[in-house]
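Order of the sequence lines sets the chain letters (A, B, ...), proteins ahead of strands, with each chain counted from 1. Below, each value reflects all heavy atoms present in this structure, side chains not excepted, and no hydrogens, waters or symmetry copies.
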Protein chains: 2
Amino acid sequence: MMTRQTAEGAARAAGRPRSEKAEKSIIEATLELIGEGVAVSELSIEGIAARAGVGKTTIYRRWSNKEDLVVDALTTLKPPIPPLRGDSVRDDLVAYLSVMRDEARHTHTRCIMNIAMSDSERHPRLAARFDELAIQPRRAVMMEVLRRGIERGELRPDLDVEMAMAILSGAMLWYTKWSHRATALPDDLAERIVDEALRGFRPR
Amino acid sequence: MMTRQTAEGAARAAGRPRSEKAEKSIIEATLELIGEGVAVSELSIEGIAARAGVGKTTIYRRWSNKEDLVVDALTTLKPPIPPLRGDSVRDDLVAYLSVMRDEARHTHTRCIMNIAMSDSERHPRLAARFDELAIQPRRAVMMEVLRRGIERGELRPDLDVEMAMAILSGAMLWYTKWSHRATALPDDLAERIVDEALRGFRPR
DNA sequence: GCATTATGAAACGCGACGGTTGCGTATCGA
DNA sequence: TCGATACGCAACCGTCGCGTTTCATAATGC
């Protein structure tokens, strides 16, 4: 799964070892640029090298192309915080959507989202990695919350969990995507979405 | 609102008039390229000219920069078909979401969506134009459908129309955006979304 | 010390593209 | 017929990024 070019395992490294600091700088610079809204196609190795204070050579020695570098950079992104479990489905869902909402506020996250969404046609490997790192874990958390709600009887037993997730996350996605032109997001957006959605999710 | 450089209104055009065909070709080529997944930043005047069978000069004579051209190109996109009004809220909503779904199938529309979503940070004028042309009209149609539903008593009188729209469109957006990696969209997706959402929207 | 490898800096040739200009031709009004 | 304007085409120069190479220097093992 390693996309880098190191042959770590073999002989016991003769000369000067590779600078771990340089590596960090490169990846950090890449993420910074992406965070500032630079699209993958606009990313330049030269730009990254300059920002990282590193020679181009140092980059080419480790990654053979831009996409490999971006993939590795994305890999270092930790799924920040899946919300801890509360006592009710409502609380958990509100917490979860609040995180989504807060992430959408920050340009950094928004740009990364953009890359994931728009470059998916062009860079399938990138999209796959992002899916694996960012989408799936959150998906899993939310599915678990919903499933627990069904077990506890807070939600209809016949509720389509996938659909419920689409409705909840989709509504938040809709707000964060389309309305930041017009009005700012209301503070209680997460609560309002959850309360409206739960109307149909609860047992009759 | 005209971004082009023509001075149409003034004197009565002396020499050879501008070819309407060339203009069409240029805009068509631009839309084609966008439809094929080329991002705005990757679009080249040269590429457009080549595709349109036109000299670069002919393009520069009309638009002073790339963004102006793209804006004009987007302008020619007609909001394809807002669904005609049926007899019930459910039918209208299903028809509406079905259109959304079918559009998402076609690469063309998907790429245009991508541009609208991802380049909005970088090209505000573009995003604004797209919003005006594609988003707002559909938004209006859907709001009207929901409002009519409330009047007819099919929906709760206290239903938040904006929220309802976010839930319905958001759910479809979610499916079309994230699941085309895994499974294909089910045929009755629109019906299922509407039926699930309406559970909470109807009067008790 | 010495061989080995990595480092940042600079320069290279190369191709893509931007934006301009000139050319010969086509199409209009007068 | 003549001037004006548009056309497609090709050539041009300047810029930028790529991917490579060279260079002096720094860090490691023997």
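Of the charged side-chain nitrogens involved, at least one lies within less than 4.0 Å of a carboxylate oxygen, so that A:Glu36 and A:Arg51 count as a salt-bridged pair. Salt bridge annotation for B:Arg156-A:Glu196: present, with a cationic side-chain nitrogen under 4.0 angstrom from a carboxylate oxygen.
A:Arg152 pairs by the side-chain contact (heavy atoms from CB on, under 4.5 Å) definition with A:Arg148, A:Glu154, not counting sequence neighbours. Taking A:Thr76 as the reference, nothing meets the side chain to side chain donor-acceptor pair (under 3.5 Å) condition, with sequence neighbours excluded. Here A:Gln136 pairs with A:Asp131, A:Arg139 under the side-chain contact (heavy atoms from CB on, under 4.5 Å) rule; sequence neighbours left out. In terms of the side-chain contact (heavy atoms from CB on, under 4.5 Å) criterion, residue partners of B:Ser98 (sequence neighbours excluded) are, by chain and number, B:Val94, B:Ala190. For A:Arg202, there are no salt bridge (Lys or Arg N to Asp or Glu O under 4.0 Å) partners two or more places apart in sequence or in a different chain. B:Ala164 pairs by the side-chain contact (heavy atoms from CB on, under 4.5 Å) definition with B:Leu146, B:Leu159, B:Phe201, not counting sequence neighbours.
Rounded to a whole Å, the CG atom of B:Leu69 is 14 Å from the C1' atom of C:dG18. Separating the NZ atom of A:Lys21 from the C1' atom of D:dA26 is a distance of 13 Å, rounded to the nearest angstrom. Between A:Leu33 atom CG and D:dG17 atom P there is a gap of 12 Å when expressed in whole angstrom units. Atom CD in A:Glu20 sits about 14 Å away from atom P in C:dA6, given to the nearest Å. Distance, A:Arg61 CZ to C:dT5 C1': 8 Å, rounded to whole Å. Rounded to an integer number of Å, the gap from CD1 of A:Ile26 to P of C:dA6 is 13 Å. Straight-line distance from the CZ atom of B:Arg16 to the P atom of D:dG8: 7 Å, rounded to whole Å.
Residues in residues 41-50 of chain B take part in these salt bridge (Lys or Arg N to Asp or Glu O under 4.0 Å) pairs, two or more places apart or across chains: A:Arg122-B:Glu42, B:Glu46-B:Lys56.
Axis deviation across the helix from C:dG1-D:dC30 to C:dA30-D:dT1 amounts to 10°, comparing end segments of five pairs, rounded to 10 degrees.
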Just the atom pairs and distances: protein N or O near nucleotides 18-20 of chain D's N or O, under 3.5 Å.
residue : atom : partner : partner atom : Å
D:dC18  : OP1  : A:Ile45 : N            : 2.8
D:dC18  : OP2  : A:Ile45 : N            : 2.9
D:dC18  : OP2  : A:Glu46 : N            : 3.0
D:dG19  : OP2  : A:Tyr60 : OH           : 2.9
D:dG19  : N7   : A:Lys56 : NZ           : 3.0
D:dG19  : O6   : A:Lys56 : NZ           : 2.7

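Not one side-chain nitrogen or oxygen of B:Arg18 sits closer than 4.0 Å to the OP1 or OP2 atom of D:dT5.
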